[in-house]
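Just below is one structure, and these are the notes that go with it.
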Amino acid sequence: MNERLPILNIWVDPVSREEAKARVCGFLEQGTRPHAIFAANPEKNFSVPADAELYDCYRQADLLLPDGIGVVLAARLLHGARLQRLPGSEFIFDICRLAENGCHSIFVYGAREEVSRNSVARLQQRYPGLRIAGRANGFVPQEEMPRLIEQINTSGASILFLALGSPRQEKWFAAHKNALTTVRVVQGIGGTLDTIAGTVQRAPEFWCRHNLEWFYRLAKEPKRIKRQKVLPVFALLVLKRWLGMRLSGPVSRSGGTG
Ligand code: UDP
């Protein structure tokens, strides 16, 4: 397995889509505990180190996907790594296909009730052989959490999609991973159920192909500027690090669980 790459304050696994799928198969077939899959993108470079609990979740994650183009470009500049972007919002479909073929069932937890219901129906339509063991909306009160954990465990699901948004989903995983008895793969999918249900539009093919999905989303939802204003700062910090490396030799590869 290729070594995890540090990208400023976070890390990314230099995996192709096929390698990421092979990792998931390994987790499902040989795993004895839940394995966490989260997304690495420029926004996370700032949110993750600002929150000790979130930082630990990322440091201990089993697979950090090259979700954002910024991370892909930074990996190229800082490590000479030629990564392909693998957005978490697409990888969910790869996992569904693996689940369908390998008869692994899925539990979907997160999003508003209507979004949860509609997205699960759409997944079922798209993958007729997929076994959806259960679902719950993302607004389960804290006192009902033990019952939700029991529901997930008795469903026998081996895959759990967590759609609570970040950092809620990572913290949920950290708090409850030891109580999950059958789940072997957990993917944090943020707002992806909203796009599957059609409540939020994903960027059309053209924008995705040219790595401009971030711009399309910004134009559609200008309030995202608060989150996306970190992008130029990220680019500047990467350039600064690159320049530093050119002047004083390569950066050391530290951090992450590898
Ligand atoms: N959400 C949830 N429970 C909550 C708060 C939010 O399930 O208590 C859901 C929300 O309905 C939405 C998702 O979490 O579907 C957050 O989407 P967003 O795009 O903000 O997350 P990101 O992908 O940026 O992490």
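Both counts, for ligands and for their atoms, begin at 1 and track the order of listing. Note that the structure is a prediction, hence the values are computed from the model and not measured. Note that these values count all heavy atoms, side chains included, but never hydrogens, waters or copies made by symmetry.
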Looking only at protein heavy atoms, which one is nearest to [atom], and how far off is it?
atom: atom 9 (C) of ligand 1; answer: A163 O, 3.6 Å
atom: atom 16 (C) of ligand 1; answer: G165 CA, 3.7 Å
atom: atom 23 (O) of ligand 1; answer: G191 N, 3.0 Å
atom: atom 20 (O) of ligand 1; answer: R227 NH1, 3.8 Å
atom: atom 25 (O) of ligand 1; answer: S166 N, 3.0 Å
atom: atom 10 (C) of ligand 1; answer: A111 CA, 4.3 Å

With a heavy-atom distance limit of 4.0 Å, tell me whether L164 approaches ligand 1 through its side chain, its backbone, both, or neither.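 The answer is both.
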
Numbering as shown, the atoms of ligand 1 that approach [X] to under 4.0 Å (heavy-atom distance):
X: R168; result: 4 (C), 5 (C), 6 (C), 8 (O)
X: D194; result: 12 (C), 15 (O)
X: R112; result: 11 (O)
X: G110; result: 7 (O)

Would a single hydrophobic cluster contain both L239 and F46, if residues Ile, Leu, Val, Met, Phe, Trp and Tyr are joined by side-chain heavy-atom contacts under 4.5 Å?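 In one cluster: yes.
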
Can you check whether G138 has an N/O within less than 3.5 Å of an N/O in ligand 1? yes

Tell me which one of L64, L65, I159 satisfies side chain to side chain contact (heavy atoms under 4.5 Å, CB included) with I37. L65

Can you list every pair that meets salt bridge (Lys or Arg N to Asp or Glu O under 4.0 Å) and has a residue in residues 34-52, with sequence neighbours left out?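 Only E43-R227, D51-K171 qualify under salt bridge (Lys or Arg N to Asp or Glu O under 4.0 Å).
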
Parallel, tilted or perpendicular: rings of F173 and F38 (30°, 60°): perpendicular

Electrostatic pair E18:K21 at N-O distance under 4.0 angstrom: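 Answer for the salt bridge query: yes.
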
Taking the side chain as every heavy atom from C-beta outward, state whether P128 and E100 have any atom pair closer than 4.5 Å. yes

Is there side-chain contact between L160 and V185, with at least one heavy-atom pair below 4.5 Å? no

Can you confirm whether R209 is buried at CZ, in the sense that more than 12 heavy atoms of other residues, nucleotides or ligands lie under 6.0 Å from that atom?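 Yes, the 6.0 Å shell around CZ holds more than 12 heavy atoms from other groups.
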
